[in-house]
Novice: 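Structure provided below as structure tokens; questions to follow.
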Amino acid sequence: MSILALASLAASSAVIALLCLTDPKRRRALGLQAATNNSAHRGLVVCAAILPGLILAVAGDAAAFLLWLGGCAVIGWLITTANSAHRERR
């Protein structure tokens, strides 16, 4: 597997975790205090999550881009599932 694809996936995973933890709807549903970010801040964070994939696409590495794309979907699902399971145990 390409080192560039793994590095891109790791960078995007960290940002996806941040998005999950600061999601306003999720925080409201759990009765938590609202995060201090606004829609412009969230837009920049989403751009940061997409940037590694964009770099792979522009570099012309289709295999690495597809690995990144599928990996982001799976890791996003895992982060959301782990976060909701953690909240249910409280």
Novice: From Thr80 OG1 over to Leu19 CG, what is the distance, rounded to the nearest 0.5 angstrom?
Specialist: 10.0 Å
Novice: Counting C-beta onward and ignoring hydrogens, is there a side-chain heavy-atom pair between Ile55 and Ser8 closer than 4.5 Å?
Specialist: no
Novice: Let me check something: do Leu4 and Leu6 share a hydrophobic cluster, defined by ILVMFWY side-chain heavy atoms less than 4.5 Å apart, either directly or through other members?
Specialist: no
Novice: In Å and rounded to the nearest 0.5 Å, what is the CH2 to CG distance from Trp68 to Leu9?
Specialist: 9.0 Å
Novice: Please determine whether residues Leu44 and Val46 belong to a single hydrophobic cluster, defined as Ile, Leu, Val, Met, Phe, Trp and Tyr linked transitively by side-chain heavy-atom distances below 4.5 Å.
Specialist: no
Novice: Quick check for you: to the nearest 0.5 Å, what is the distance between Cys47 atom SG and Leu54 atom CG?
Specialist: 9.5 Å
Novice: In the structure I gave you, are the side-chain heavy atoms of Leu67 and Ser2 within less than 4.5 Å of one another anywhere?
Specialist: no
Novice: Hey, does the side chain of Ser12 reach the backbone of Ala49 with a donor-acceptor pair shorter than 3.5 angstrom?
Specialist: yes
Novice: If Ile, Leu, Val, Met, Phe, Trp and Tyr residues are connected whenever their side-chain heavy atoms lie under 4.5 Å apart, and connections chain through other members, are Trp77 and Ile75 in the same group?
Specialist: no
Novice: Nearest 0.5 Å please: distance from the CG atom of Leu18 over to the CD1 atom of Ile79.
Specialist: 10.0 Å
